[in-house]
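Atom set for the values below is all heavy atoms of this structure, side chains included, hydrogens, waters and symmetry mates excluded. Below, chain A is the first sequence line, B the second, and so on; all start at residue 1. These figures come from a predicted structure and were not determined experimentally.
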Amino acid sequence: MLEIKNLQVKLEEEDKQILKGVDLTVEAGKVHAIMGPNGSGKSTLSYVLSGRDGYEVTGGSATLDGEDLLEMEAEERAAAGLFLAFQYPVEIPGVGNMTFLRTALNSQRKARGEPEMSAAEFLKHIREKAAQLQITQDMLKRPVNVGFSGGEKKRNEILQMAVLEPKMCILDETDSGLDVDAMKLVADGVNALRDAGRGFLVITHYQRLLDHIKPDVVHIMSDGRIIKTGGPELALEVEKNGYADLKEGA
Amino acid sequence: MAALPARKLEAAEALLAAHPAPQGEGAWAREARAAAAARLREMGAPIGRDEYWKWTDPSALTAPEAPAVPLHAAGPAIFADRGALTVVFVDGVLRRDLSDDLSLEGAEICTLEEALAADIHWAREVFGVLEARGQDPVARPLAAFNTAVAGQGLAIRATGKVSRPVLIKGVRESETSDALMHHVVKLEEGAELTVLEAGGPGARVNSVLEVEIADRAAFHQIRAHGPEAERRGAWHLFARLGTESVCKTFSVAAGGRLTRIEQVAELTGDDAAVHLAGACLGEGKDFIHDDTVFVTHDAVNCESRQVFKKVLRDQAKGIFQGKILVKPDAQKTDGYQISQGLLLDEHADFLAKPELEIYADDVACSHGSTCGAVDEDALYYLRARGIPKREAENMLVMSFLGEAVEEIESEDLAEEMRERIAQWVMDGA
Ligand SMILES: Nc1ncnc2c1ncn2[C@@H]1O[C@H](COP(=O)(O)OP(=O)(O)OP(=O)(O)O)[C@@H](O)[C@H]1O
Ligand SMILES: [Mg+2]
């Protein structure tokens, strides 16, 4: 589904290479996790895949179901089925959460040549998803992320994912800042979407999220590269010993 | 007094010569007119060298004749569903045949003409009186000119809570109409009134609104001007507020070549609140939108807010000159002022001159002015959810304007404004 080959990325404004050749393939129906020290390039990878400005791809490729992601505008990637749950969700005062989500959903549908969802249909759709994630009516009405607590922002990301039903979901530290119960809610939200047609790339620092969302594959990223790939046991090893051994072994 | 530049005096004379004062008015009205003409002669017409006109060239407003403006189809009617008593001015002239009957529960309404023709009329305490007070310390010559000659307008006295708004609707049928309008409003103790204004009533507009707000009364004004590239005009508000009274205004303009809005509010009774807000959407090098505000705190525990937002593209120019003056006895003043420009490309320009002058010691006043581009992080966030760039940008424009629109107290009116503005933003593509 998601195929990243030897992806090399530097900052546009500075001569700073951040990704130094990332290779990673996420198959449909699988959950991959990426762990790695702070500053190793995990968020950069997710930004570059989702089309944020400010980066220059100096080599390699990234495709989604064979389509070249790097050639597309951010909104085209979303319509193609790519979703990024942000590490730091952005506050947008004056734009209601519902309006935002409905505009997003219908923009994607339009781009794919699908009929737009009516206000009534959308309301039903979002209410169901919001209830599952225990997101209140009040949060739906409020401006996007404004005045949301850290954990509420993360839950709101997962709500967006649930509403948009993308086929490739990247979660960047969605677990950070969540309390134990919220973590369970988020994990349930993800698990509810797990199916044969969907891929997940879960970026996290902690084993705890992976207790709830069982990954098929775990990758370790360090200094802009994937230095080790293994099964769920790799996450447990990191939890116990940190990254030092892995880096030496690389 | 220092001699004025001859240019200012000549321009003032030319204005007065081109616009004779109306005939057949009462003695008091003739006196008020003459006093206003004398004020204008004393201060001269505005020129670009005046301190408060340095960013906005007034010459199109002071030319004896209005520059010709082609006619174009009017956009969708604004405020049509608000149940308002509608008064129509075509090219600045009140048309009773197109207007509702001027009877409204809780208010007495007549034309300015009728008010000024009467020997005894409440309007005497307001007409030219608040304008004259508002000339100190900053001269507002276009308003003095207006008082001297404007023959059209409404006189509204609210005696109770008026449940229907009054809609002043402007229509233009001439390419060269010079609309000179003057409205006087008086709210008696505890009264409530909302005045709506929509549509440009002339190729060039000079409009003055004087509002006397008695104790515990509340006045709301909302003005909306839809897209019209060539509109030019100067609008003045002079408001005086009594104890525990409220005055809230909001004004939005989409396009228009030259818009100068001067608002002068004087808080004279304790615990009063004045909120002045405005927004504009402008594009192109001919666009100038100027808000010039002066709020005077002259009583205890009053609140004032100024919230102005300007969206500017392609060499459009936005201007804000806003002052808060807190007099020595105006303790516990709460003053707030924000002016912001959103520049949709690097060629637009937002100029702001916030001024605070505070003589009391127990005062909380804050002001801020910012000017910048669309928030890149927010734009990326919206696009990453599938919203195309242009639409995402429009959403952020609405988000930017939100704080100004929120100043409108009535949720229905705020919602209508939001919808209209969203449409204008979208159409501006
Ligand atoms: N716009 C930028 N300007 C300067 N440095 C940047 C920029 N973006 C990323 N970097 C640098 O690139 C490196 C990778 O950052 P990135 O955010 O991808 O790390 P990360 O693996 O997500 O870290 P964390 O676990 O702390 O979230 C860091 O050294 C960071 O400082
Ligand atoms: Mg990160």
**Q** Using a cut-off of 6.0 Å, state whether more than 12 heavy atoms not belonging to Glu415(B) lie near its atom CD.
**A**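 Count over threshold, so yes.
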
**Q** For atom CD of Glu121(A), is the number of surrounding heavy atoms from other residues, nucleotides or ligands below 6.0 Å larger than 12?
**A**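 Yes, enclosed.
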
**Q** Which atoms of Glu391(B) come close to chain A, meaning under 4.5 Å heavy atom to heavy atom: side chain ones, backbone ones, both, or neither?
**A**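 Side chain only.
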
**Q** Please look at Pro166(A) and chain B and tell me whether the side chain, the backbone, both or neither of the residue comes under 4.5 angstrom of a heavy atom of that chain.
**A**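 Pro166(A) has no heavy atom closer than 4.5 Å to chain B.
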
**Q** What part of Gln108(A) gets closer than 4.5 Å to chain B, counting heavy atoms only: side chain, backbone, both or neither?
**A**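 Backbone plus side chain of Gln108(A), per the 4.5 Å heavy-atom cut-off to chain B.
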
**Q** With chain B as the partner, which of Leu82(A), Ile92(A), Val144(A), Val90(A) has the greatest number of non-hydrogen pairs under 4.5 Å?
**A**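 Top option by heavy-atom pairs under 4.5 Å: Val90(A).
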
**Q** Under 4.5 Å heavy-atom distance to chain B, tell me which part of Leu84(A) shows up: side chain, backbone, both or neither.
**A**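 Both backbone and side chain of Leu84(A) come within 4.5 Å of chain B.
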
**Q** Would you say Glu114(A) has more than 12 foreign heavy atoms packed within less than 6.0 Å of its CD?
**A**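 Result for CD/Glu114(A): enclosed.
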
**Q** Could you have a look at Ala78(A), Gly51(A), Ala80(A), Gly54(A) and say which one has the most heavy-atom pairs with chain B under 4.5 angstrom?
**A**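 It is Ala78(A).
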
**Q** In Å, rounded to the nearest 0.5 Å, how long is the span from OG1 of Thr103(A) to CE of Met395(B)?
**A**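 If we round to the nearest 0.5 Å, Thr103(A):OG1 and Met395(B):CE are 4.0 Å apart.
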
**Q** How about Lys353(B): does its NZ atom have over 12 heavy atoms from other parts shown lying under 6.0 Å from it?
**A**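 Yes, the 6.0 Å shell around NZ holds more than 12 heavy atoms from other groups.
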
**Q** For atom NZ of Lys332(B), is the number of surrounding heavy atoms from other residues, nucleotides or ligands below 6.0 Å larger than 12?
**A**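 No, the 6.0 Å shell around NZ holds no more than 12 heavy atoms from other groups.
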
**Q** For each of Pro143(A), Pro93(A), Gly94(A), Pro89(A), tally heavy-atom pairs with chain B at distances under 4.5 Å, and name the one with the top tally.
**A**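 Most heavy-atom pairs under 4.5 Å with chain B: Pro93(A).
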
**Q** So which residues of residues 379-387 of chain B are in contact with chain A at a heavy-atom cut-off of under 4.5 Å?
**A**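 Those residues of residues 379-387 of chain B which have a heavy atom under 4.5 Å from chain A are Tyr380(B), Tyr381(B), Leu382(B), Arg383(B), Ala384(B), Arg385(B), Gly386(B), Ile387(B).
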
**Q** Tell me whether the count of non-hydrogen atoms from other residues, nucleotides or ligands lying under 6.0 Å of CD in Glu13(A) goes above 12.
**A**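 Open: at most 12 neighbouring heavy atoms sit under 6.0 Å from CD of Glu13(A).
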
**Q** Answer yes or no: does atom CG of Asp138(A) have more than 12 heavy-atom neighbours from other residues, nucleotides or ligands under 6.0 Å?
**A**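 Enclosed.
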
**Q** In terms of heavy-atom proximity below 4.5 Å to chain B, should Tyr47(A) be classed as side chain, backbone, both, or neither?
**A**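 Backbone plus side chain of Tyr47(A), per the 4.5 Å heavy-atom cut-off to chain B.
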
**Q** By a 4.5 Å heavy-atom criterion (distance strictly below it), what part of Arg77(A) contacts chain B: side chain, backbone, both, or neither?
**A**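 The answer is neither part of Arg77(A).
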
